[in-house]
Amino acid sequence: MTLGVNGASSSANVYRKYNSSAIEWLLPLYRISKFTVALVRPLPLRQRAQIFLYLARLNLLANLELLRQWISPLVFGVYSIVKPLWKRLKRH
């Protein structure tokens with residue numbers, strides 16, 4: 001994946017392109033999380049827990065971004081329909 005302004009991470013369908021299993025829709029960063037958990041196995045429990053919390057936060061933020069991408073077009077679509085109606089009602 002190419003990151004940056006013109007990279008794949010900037011496109012609207014980045015999740016559709018790279019999420020190949022059902023778990024990746026719930027945890028968008030599942031593969032990197034799984035790799036990281038395996039990598040930090042030798043660390044003390046406290047450090048592993050801290051890294052796990054960071055990974056959970058990253059997955060949550062990625063899910064919120066996905067939700068925003070789904071909701072934004074709906075909100076703007078409804079707004080574009082309601083705005084002219086509202087203006088028409090205000091005139092009368």
Side-chain angles (χ1 to χ4, degrees):
M1 176 181 352
T2 305
L3 302 175
V5 176
N6 296 320
S9 63
S10 297
S11 70
N13 66 348
V14 66
Y15 293 102
R16 284 185 218 133
K17 186 173 182 179
Y18 291 101
N19 289 354
S20 57
S21 67
I23 186 111
E24 290 174 333
W25 287 103
L26 182 61
L27 300 169
L29 303 172
Y30 172 73
R31 281 186 265 169
I32 190 85
S33 298
K34 185 178 171 183
F35 176 75
T36 303
V37 167
L39 192 64
V40 300
R41 207 167 266 147
L43 294 177
L45 180 61
R46 183 179 175 139
Q47 288 178 337
R48 283 185 296 180
Q50 194 173 25
I51 290 170
F52 177 78
L53 289 175
Y54 286 135
L55 289 171
R57 182 172 182 244
L58 282 173
N59 276 291
L60 177 64
L61 290 173
N63 266 334
L64 290 174
E65 176 60 22
L66 180 60
L67 185 62
R68 185 194 65 78
Q69 287 178 7
W70 285 349
I71 289 176
S72 287
L74 295 174
V75 169
F76 289 118
V78 169
Y79 178 74
S80 66
I81 293 168
V82 171
K83 185 178 177 182
L85 296 173
W86 183 256
K87 283 184 177 182
R88 205 178 303 162
L89 286 172
K90 286 176 79 175
R91 284 189 218 151
H92 295 281

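- Pairs engaging residues 66-77 under the salt bridge (Lys or Arg N to Asp or Glu O under 4.0 Å) rule: Glu65-Arg68 [sequence neighbours left out].
- The distance from atom CG of Leu60 to atom CG of Leu53, rounded to the nearest 0.5 Å, is 12.0 Å.
- The backbone N or O of Gln69 lies less than 3.5 Å from no partner atom in the side chain of Ser72, so there is not a single donor-acceptor pair.
- For residues 50-63, there are no salt bridge (Lys or Arg N to Asp or Glu O under 4.0 Å) pairs, not counting sequence neighbours.
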Show me the donor-acceptor pairs within less than 3.5 Å that the side chains of residues 32-50 make with the rest of the protein, sequence neighbours left out.
from, atom 1, to, atom 2, distance (Å)
Ser33, OG, Leu29, O, 2.7
Ser33, OG, Asn59, ND2, 3.1
Thr36, OG1, Ile32, O, 2.7
Arg48, NE, Leu43, O, 3.3

